[in-house]
Amino acid sequence: MVEAVIVIPVLILLWVSLYYAGGLALTQQRTEATARSCAWLYSANSCDESKVPAGCQDYVHNTHASTIPPKIADTLNQGAQNAMNGGDAKGIVGSIVGSLVMAPLAAAFTNAVDARVEQQMPQPAAYGGGIKVVTGQYHLPCNLAHDTPAEMAGRAWRKLVGQ
C-alpha cells in the first residue's frame, strides 16, 4: 500500500508529461509544415501578392534582402578582431564596402517570403497551466517571374526610390 502511494503519483506525472510532450511535438511539426507549405506555394506564384494561396493570407509576408546579411556582421567582427590584435586589415575595407553595396542591390533585385504560423496549446496544470504558443517559421526566396529586362529594371527602380 505504501509503495503504491509513492509510485502512482510518479507514474501519473510521467504519463501526463509524455502525453503533453507528444502533443507539443505534433503541434510543432504541424505549424512548421503549414509554414513551409504556404511559403512554397506562395513562392511558386513568384510571390505575387494577388495570388496568395487559400488559407495562407495571415501567414506569408514578402521580405527583401535589405537587412544586413550575416557576412557583413562577420566581416565587421573579423576586422575589429584584427585591429584589436594588431593584425593586417588588408582587404577588410573592400569586403565591407562590397557587402554594403550588395545589400541595396539584393534588395532591389531579390524577393523572398517569410511564413510564420502560430498555434496555441493548453499546458497541463502540472506545468503551471496556461497557454503555450507554438511557432513554425520558414524563409524561402521567391521564384523569378518571366519578365523582360525593362520590366525588371523598372521594378528595381521603383524599389530603390520607394514607390
Side-chain angles (χ1 to χ4, degrees), residues 11-81 95-163:
L11 290 177
I12 290 173
L13 184 60
L14 183 62
W15 181 77
V16 168
S17 298
L18 288 174
Y19 183 75
Y20 173 66
L24 187 63
L26 287 174
T27 303
Q28 181 69 42
Q29 186 176 20
R30 188 173 27 253
T31 58
E32 288 176 359
T34 302
R36 183 174 45 251
S37 174
C38 287
W40 275 98
L41 290 171
Y42 188 64
S43 174
N45 290 327
S46 302
C47 295
D48 186 356
E49 292 179 1
S50 65
K51 298 179 183 176
V52 176
C56 296
Q57 292 84 0
D58 297 332
Y59 304 141
V60 295
H61 308 284
N62 276 353
T63 59
H64 304 286
S66 60
T67 58
I68 296 177
K71 284 187 174 184
I72 294 176
D74 292 343
T75 304
L76 290 171
N77 289 334
Q78 184 178 1
Q81 188 67 27
S95 298
I96 292 171
V97 170
S99 298
L100 292 174
V101 169
M102 288 305 294
L105 288 177
F109 291 103
T110 63
N111 229 0
V113 60
D114 283 319
R116 179 181 173 92
V117 178
E118 291 183 354
Q119 189 171 353
Q120 296 181 349
M121 184 177 170
Q123 285 184 325
Y127 289 105
I131 301 291
K132 174 148 179 86
V133 177
V134 179
T135 304
Q137 298 181 30
Y138 202 77
H139 176 83
L140 186 68
C142 293
N143 289 344
L144 295 176
H146 298 287
D147 287 341
T148 64
E151 291 171 331
M152 187 182 299
R155 189 173 56 247
W157 176 254
R158 286 188 297 277
K159 285 182 183 178
L160 285 173
V161 296
Q163 293 180 350

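These figures come from a predicted structure and were not determined experimentally.
Nearest heavy atoms, Y20 versus P124: CD1-CD, 3.3 Å. G23 and M121 get closest at one heavy-atom pair: C-CE, 3.3 Å. Nearest heavy-atom pair, L140 versus A39, reported as atom, atom and distance to 0.1 Å: CD2-O, 3.7 Å. Heavy-atom minimum distance, A35 versus A115: O-CB, 3.3 Å. The minimum heavy-atom distance linking N45 with K51 is given by the pair ND2-O, 3.2 Å. Nearest heavy-atom pair across H61 and D58 is NE2-O, 3.9 Å.
Side chain to side chain, S17 and Y127 meet the donor-acceptor criterion of an N or O pair below 3.5 Å.
The backbone N or O of L26 lies less than 3.5 Å from no partner atom in the side chain of Q28, so there is not a single donor-acceptor pair. The backbone N or O of C47 sits less than 3.5 Å from a side-chain atom of Y42, completing a donor-acceptor pair. One N or O on the side chain of S43 and one on the backbone of P141 form a donor-acceptor pair closer than 3.5 Å.
Taking 4.5 Å as the limit, some side-chain heavy atom of T135 sits within range of a side-chain heavy atom of R116.
Atom CD of Q119 is surrounded by more than 12 heavy atoms from other residues, nucleotides or ligands within 6.0 Å.
L41 CG to R36 CZ: the interatomic distance, rounded to the nearest 0.5 Å, is 12.0 Å.
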